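Shown next, in structure tokens, is the structure this report addresses.
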2 protein chains.
Amino acid sequence: MAILEERLAGPEASDQGTIYNDISERLAAGEFAAGSRLKADDLRRHYGVSSSTMREVLFRLAHNGFADFEEQRGFRVPAASMERMLEVRHMRILLESEGARLSIANGDMEWEARLNAAHHKLAHIEVKMRTAERLREHIAIWTRFDWEFHETLVSACGSQLLQEMLKGLFFRYRQLLVGLVTNYGFRSGTVDEHKAILDAALERDPARCAEAIRYHYSFLDDLDQPGVTSLGVANQEVANPAMAGTRVLK
Amino acid sequence: MAILEERLAGPEASDQGTIYNDISERLAAGEFAAGSRLKADDLRRHYGVSSSTMREVLFRLAHNGFADFEEQRGFRVPAASMERMLEVRHMRILLESEGARLSIANGDMEWEARLNAAHHKLAHIEVKMRTAERLREHIAIWTRFDWEFHETLVSACGSQLLQEMLKGLFFRYRQLLVGLVTNYGFRSGTVDEHKAILDAALERDPARCAEAIRYHYSFLDDLDQPGVTSLGVANQEVANPAMAGTRVLK
DNA sequence: AAAGGAAATAATTTCGAGATTTCTTGCGAA
DNA sequence: TTCGCAAGAAATCTCGAAATTATTTCCTTT
């Protein structure tokens, strides 16, 4: 099923895809308070569609983690807890490292070129954002380029399924992040971190790439409450030999 | 959003959850041919609900990978290709090994007891199935015990998200398997394979547990067409250091 | 004043008909 | 025979009202 598809139509067109994208963007921008109800009737009026259509859109959002659904109790904005955040991060690191490993093994020069291009666009906006007055104005385009870079990184992994799952995790992560930190999740350090991921990928070093990916998300540990020990990212204890014996495509 | 919830009501009750469970079981049992259409109107009549309700159920199925959805073209049973199968397997091995690793690190004696209990039930039905005349009759209960064992294995991992994702993958895998092999995916070897996973988990050996999990799915390689090199399970090339530095809960 | 419960209010969920789109069938031309 | 096209058939999608369920309000009782 098509999920999180690209924005297509103009602002007045209100088909399901458009509404889905608009609400998901508003959610990812933190417009709705965490824990508040997504009133189907209010949204229905706002977008000028019927309750059934609105309900379908809300179900799609719920499936991708943008909303919580309880029978007979409607839809709510998920509470942005640090526990949930660390769970999403954990899965992102696991899938993104694996996807990068496979892409490094499978990717051709065309993949390298696309990755370079995606990083160039991302770095451009991020450097500008470091000195920008109003971050808010750049968040939408930054989110898009950020996603395109991470998507391209794993685009040669050979698994459509991995890419779909990672896409859901990316936007879920973004929504939670916006609810927990300031500046919409942008930090000046992200520039260097994305560069480190790019370099490791282009040098075909999966171990270093995985380490760079892990480091990219490690800033969350500084926000973690003392005493709330969770799925942290530091202090190795056990190596995961899960995919040790996995051949790659082609 | 409640997904794949337990079977609740009697056969005559036709609320959404019941219909969802019934259709998903029929799909997992291979009742509908892969690639065929899931006609909303036929199903609607069969379950005695309106088209809107039926549509909602079908969306839920699509969201969990049981059906494919295309706008204006309705719902279809996903084609059971070996490529898709190997992708799902790949994700299952990745997530299940990681979940087992975390459970081994976090799980207490109560977890060990639950795992033992789940395996006992699974082994009982599997031993019986090795000599059973009509496998068909045991598939539903076997599927349930099989799931409960794999679920319990990762139940102490500390990540609700990982468990949800794994649940979706389990039933997706089962559906694809039924479409590709005989005997509904049951092999006599599964008895020993599940035992190996259990032993490694109880001995708190994550590496051996991951290896046992991998081996549990390796039979697919024998079915793989020569020349169709895919996300196979043999022939290590690169180790995945993705989660090397991941602390565990508690 | 606090607690319990019933009525009023507000939300979700279901329904079936109508509008829209896609698929099928049959006819005619190359 | 093969291809294109148009008319008919069949399916999906949207809609708004009705039914169901949850929530709030307010009155009664302790």
Side-chain angles (χ1 to χ4, degrees), chain A residues 1-5 8-24 27 32-64 66-79, chain B residues 1-5 8-24 27 32-64 66-79:
Chain A
M1 157 163 207
I3 282 166
L4 291 162
E5 50 278 322
L8 296 170
E12 69 285 348
S14 276
D15 57 82
Q16 274 206 27
T18 308
I19 297 172
Y20 178 96
N21 284 321
D22 194 61
I23 297 183
S24 63
L27 283 167
F32 303 98
S36 66
R37 297 169 59 134
L38 288 168
K39 291 184 194 170
D41 211 51
D42 293 355
L43 293 169
R44 176 188 71 76
R45 260 190 293 272
H46 180 271
Y47 289 104
V49 295
S50 74
S51 56
S52 305
T53 305
M54 199 64 241
R55 188 174 165 81
E56 253 179 39
V57 173
L58 286 169
F59 265 115
R60 290 195 189 184
L61 289 164
H63 171 258
N64 287 318
F66 279 111
D68 283 346
F69 171 73
E70 254 186 311
E71 213 160 299
Q72 302 288 2
R73 290 196 186 185
F75 300 85
R76 286 179 169 278
V77 181
Chain B
M1 164 169 193
I3 281 165
L4 291 162
E5 51 277 320
L8 297 170
E12 70 284 349
S14 277
D15 58 82
Q16 275 207 26
T18 307
I19 298 171
Y20 178 96
N21 284 321
D22 194 62
I23 297 183
S24 63
L27 282 167
F32 302 99
S36 67
R37 297 173 60 135
L38 288 168
K39 290 184 195 172
D41 211 52
D42 294 355
L43 294 168
R44 176 188 73 76
R45 258 189 295 273
H46 180 270
Y47 290 105
V49 295
S50 74
S51 56
S52 305
T53 304
M54 199 65 240
R55 187 174 164 80
E56 242 178 52
V57 172
L58 286 169
F59 264 115
R60 291 196 188 184
L61 289 163
H63 289 147
N64 287 310
F66 280 109
D68 283 345
F69 170 75
E70 255 187 309
E71 213 159 302
Q72 303 287 6
R73 290 193 185 185
F75 300 86
R76 285 180 170 278
V77 181

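Convention: sequence-line order gives letters A, B, ...; per-chain numbering from 1. No experiment lies behind these values; they were computed from the predicted model shown.
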Checklist entry - Regarding A:Tyr47 and A:Asp42, is there a side-chain donor-to-acceptor distance under 3.5 Å anywhere? => result no
Checklist entry - With distance as the sole test, does A:Arg76 use its side chain to make a donor-acceptor pair with the main-chain N or O of A:Ser36 at under 3.5 Å? => result no
Checklist entry - When the ring planes of A:Phe69 and A:Phe75 are compared, do they come out parallel, tilted or perpendicular, using 30° and 60° as the limits? => result tilted
Item to check | Flag, side chain of B:Ser24 to backbone of B:Tyr20, donor-acceptor distance under 3.5 Å | outcome: yes
Checklist entry - Side chain of B:His63, backbone of A:His63: donor and acceptor closer than 3.5 Å? => result no
Checklist entry - Can you give one letter per nucleotide of nucleotides 10-20 of chain D, 5' to 3': B if a protein heavy atom sits under 4.0 Å from the base, S if only from the sugar-phosphate, - if neither? => result -SSSSBBB---
